[in-house]
Amino acid sequence: MSYKRKLENLIPGGAHTYSRGADQFPINAPEILSRGKGAYVWDKKKNKYLDYGMALRAITLGYSNKVINRAAINQINLGNNFTRPSEIELKAAECFIENIPSADMVKFAKNGSNVTTAAIKLARSFTGRNYIAIPRQHPFYSFDDWFISTTPIKRGTCPDSSKYILLFDYGNLDSLINLFDQFPNQIAGVMLEPATSETPIKIDSIELDDIKQDDNILHSDLNFLYSVQNLCKDKGSLFILDEMITGFRWHLKGGAYYFGVEPDLITFGKAMANGFSISALGGKKEIMELGSINIPNLERTFLLSSTHGAEMCSLGAFVKTVEFYKRKNVCSHLWKYGIELKNSFNKLSQNHNLREHIYMTGPGICLNYICKDNDLSISTEFRTLFAQEMIKRKILMPWISISYSHGNRELNKTLNALDDVMKIYKKALSEGVHKYLEGPSIKPVFRKFN
Ligand SMILES: Cc1ncc(COP(=O)(O)O)c(C=O)c1O
């Protein structure tokens with residue numbers, strides 16, 4: 001029996017994350033992986049792949065980084081989980097607060113979904129209001145019902161769980177102002193990612209480091225995040241940034257710092273500890289302390305409480321990851337690699353006369369590749385073909401997540417493969433994609449039916 005069959009027999013979805021599922025990859029993707037080191041992973045048959053998936057963006061230093069592993073193992077040897085707070089729990093909190101300018105306090109958890117849900121609860125608790133606004137363009141905030149019920153996969157969620165979730169358009173302030181007009185004094189918080197491949201500042205120099213300190217740009221209407229922050233302040237609503245993907249990439253202090261804003265609440269996860277499971281909710285003291293136990297007669301808010309929330313190996317790995325980032329200037333490496341990859345990718349597609357059909361978008365730190373058919377419509381079939389052909393050349397590229405272990409050798413290997421794959425892409429455009437596609441097309445995660 002194939003690993004795919006075995007996995008799907010035992011695990012609904014065949015994996016513990018839908019984006020790891022077989023429907024997200026071409027047919028020739030490795031069905032099961034055995035190990036990873038640096039920028040590479042190996043399957044059971046000892047095939048070695050250069051990886052751009054990087055554990056759903058949780059690995060930014062490289063798989064099995066010795067320094068981070070050692071820090072985690074030290075904590076495991078100390079006991080890994082205690083009955084009262086551990087020393088590393090305090091040290092990790094100090095490290096987080098020191099690093100994230102907008103956070104006076106922090107609560108750790110295991111998953112990103114836990115902390116985004118907690119941010120919403122806290123916003124409701126602080127403001128006494130119910131509604132939360134999120135951008136309709138952002139794909140995912142939580143596995144909890146409040147978010148899932150806004151997607152096509154509503155089955156099993158309580159019918160009114162999305163009743164208090166409002167949608168606006170990222171980058172369009174008027175769409176958010178309209179919501180505030182429609183629901184006056186009722187919106188507890190506005191939650192958004194600082195940036196995706198769509199950025200809050202629409203200028204070409206977005207790649208350049210110097211925009212981050214240019215006050216005339218950052219603190220002006222040119223910066224969508226700054227406008228949202230001001231609007232929230234004006235309306236008595238909390239400004240919440242979800243840094244699950246931007247955190248530990250745009251800047252070590254986060255996307256909020258990069259874009260010159262100070263959210264009331266901020267969430268992190270994914271790359272905090274190079275693959276060890278940890279997430280964080282940070283924020284201003286007067287909001288966060290609603291979850292405290294030491295303010296006399298305060299009506300209590302049950303804010304994040306879990307048995308494994310302070311698992312010591314992840315906290316130890318987190319502290320070491322921050323040290324590693326500072327010592328090696330990791331974010332700068334991620335930016336440089338991304339910019340080079342994007343420029344070279346687009347140059348190659350230009351050389352193959354495919355510039356309108358296959359190209360990379362977004363800033364170097366948050367790239368996306370776009371695959372289009374003959375009609376210039378976005379095509380999952382062509383995307384599947386592209387990923388299939390990259391896998392034949394031993395490169396896993398379901399999306400683009402870069403790590404510190406991606407260097408010149410990896411860039412050259414990628415560009416050589418791309419040059420080949422673009423030839424096939426071109427043939428598929430003229431002869432039909434089905435002639436070259438060896439299995440079913442990948443499918444969107446958020447679809448109503450299988
Ligand atoms: C922006 C964003 N927020 C929240 C989450 C949820 O994080 P987790 O999968 O750790 O629960 C994700 C996960 O992909 C995410 O991309």
Side-chain angles (χ1 to χ4, degrees), residues 11 13 15-21 24 52-60 100 106-123 132-151 153 157 165 167-168 170-171 189-200 225 228 239-250 254-256 258-259 263 265-283 304 306 308-309 311 314-315 317-318 321 362-363 365-368 398-402 444-446:
I11 305 167
H16 292 287
T17 327
Y18 281 113
S19 32
R20 283 191 172 95
Q24 300 303 299
Y52 282 92
M54 298 313 284
L56 315 180
R57 304 178 199 272
I59 303 274
T60 43
I100 304 302
V106 62
K107 269 246 170 178
F108 294 120
K110 296 313 265 177
N111 299 295
S113 299
N114 303 137
V115 290
T116 50
T117 297
I120 283 179
K121 179 191 250 187
L122 200 49
I132 300 290
I134 56 173
R136 63 168 56 80
Q137 288 78 10
H138 290 178
F140 191 58
Y141 281 103
S142 177
F143 49 55
D144 286 317
D145 281 7
W146 69 265
F147 178 75
I148 294 302
S149 59
T150 68
T151 76
I153 315 178
T157 63
I165 305 300
L167 303 177
F168 65 97
Y170 182 88
V190 177
M191 180 153 77
L192 64 164
E193 294 187 73
T196 54
S197 52
E198 191 184 356
T199 57
L225 293 179
V228 173
F239 173 45
I240 307 166
L241 286 184
D242 178 2
E243 298 248 23
M244 226 56 70
I245 293 178
T246 50
F248 291 76
R249 287 186 189 278
W250 283 80
Y258 187 93
F259 289 111
L265 294 174
I266 192 161
T267 59
F268 287 88
K270 296 242 185 225
M272 285 180 77
N274 202 44
F276 287 89
S277 119
I278 176 172
S279 60
L281 168 67
L304 283 171
S306 63
H308 294 296
E311 191 187 24
S314 301
L315 295 174
F318 161 63
T321 299
I365 202 68
C366 192
L367 294 170
N368 186 17
W399 49 82
I400 307 285
S401 180
I402 294 161
V445 168
F446 290 110

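Both counts, for ligands and for their atoms, begin at 1 and track the order of listing. These numbers come from a predicted model, not from an experiment.
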**Item:** Parallel, tilted or perpendicular: rings of F248 and F318 (30°, 60°)
**Value:** perpendicular
**Asked** Does the side chain of K110 come under 3.5 Å of the side chain of S314 through a donor N or O and an acceptor N or O?
**Response** yes
**Message:** Looking only at side-chain N and O atoms, does D242 offer a donor or acceptor that is under 3.5 Å from a partner on T267?
**Reply:** yes
**Asked** Would one find more than 12 heavy atoms of other residues, nucleotides or ligands at under 6.0 Å from atom CZ of F143?
**Response** yes
Quick one: ligand 1 N/O to protein N/O pairs below 3.5 Å?
{"unit_1": "ligand 1", "atom_1": "3 (N)", "unit_2": "F140", "atom_2": "O", "d": "3.3"}
{"unit_1": "ligand 1", "atom_1": "3 (N)", "unit_2": "D242", "atom_2": "OD2", "d": "2.6"}
{"unit_1": "ligand 1", "atom_1": "10 (O)", "unit_2": "G112", "atom_2": "N", "d": "2.7"}
{"unit_1": "ligand 1", "atom_1": "11 (O)", "unit_2": "G112", "atom_2": "N", "d": "3.3"}
{"unit_1": "ligand 1", "atom_1": "11 (O)", "unit_2": "S113", "atom_2": "N", "d": "2.8"}
{"unit_1": "ligand 1", "atom_1": "11 (O)", "unit_2": "S113", "atom_2": "OG", "d": "2.7"}
{"unit_1": "ligand 1", "atom_1": "14 (O)", "unit_2": "K270", "atom_2": "NZ", "d": "3.0"}

**Prompt:** To the nearest 0.5 Å, how far apart are CG in L281 and OG1 in T117?
**Reply:** 10.5 Å
**Asked** Is the distance between the ring centroids of F147 and F140 under 6.0 Å?
**Response** yes
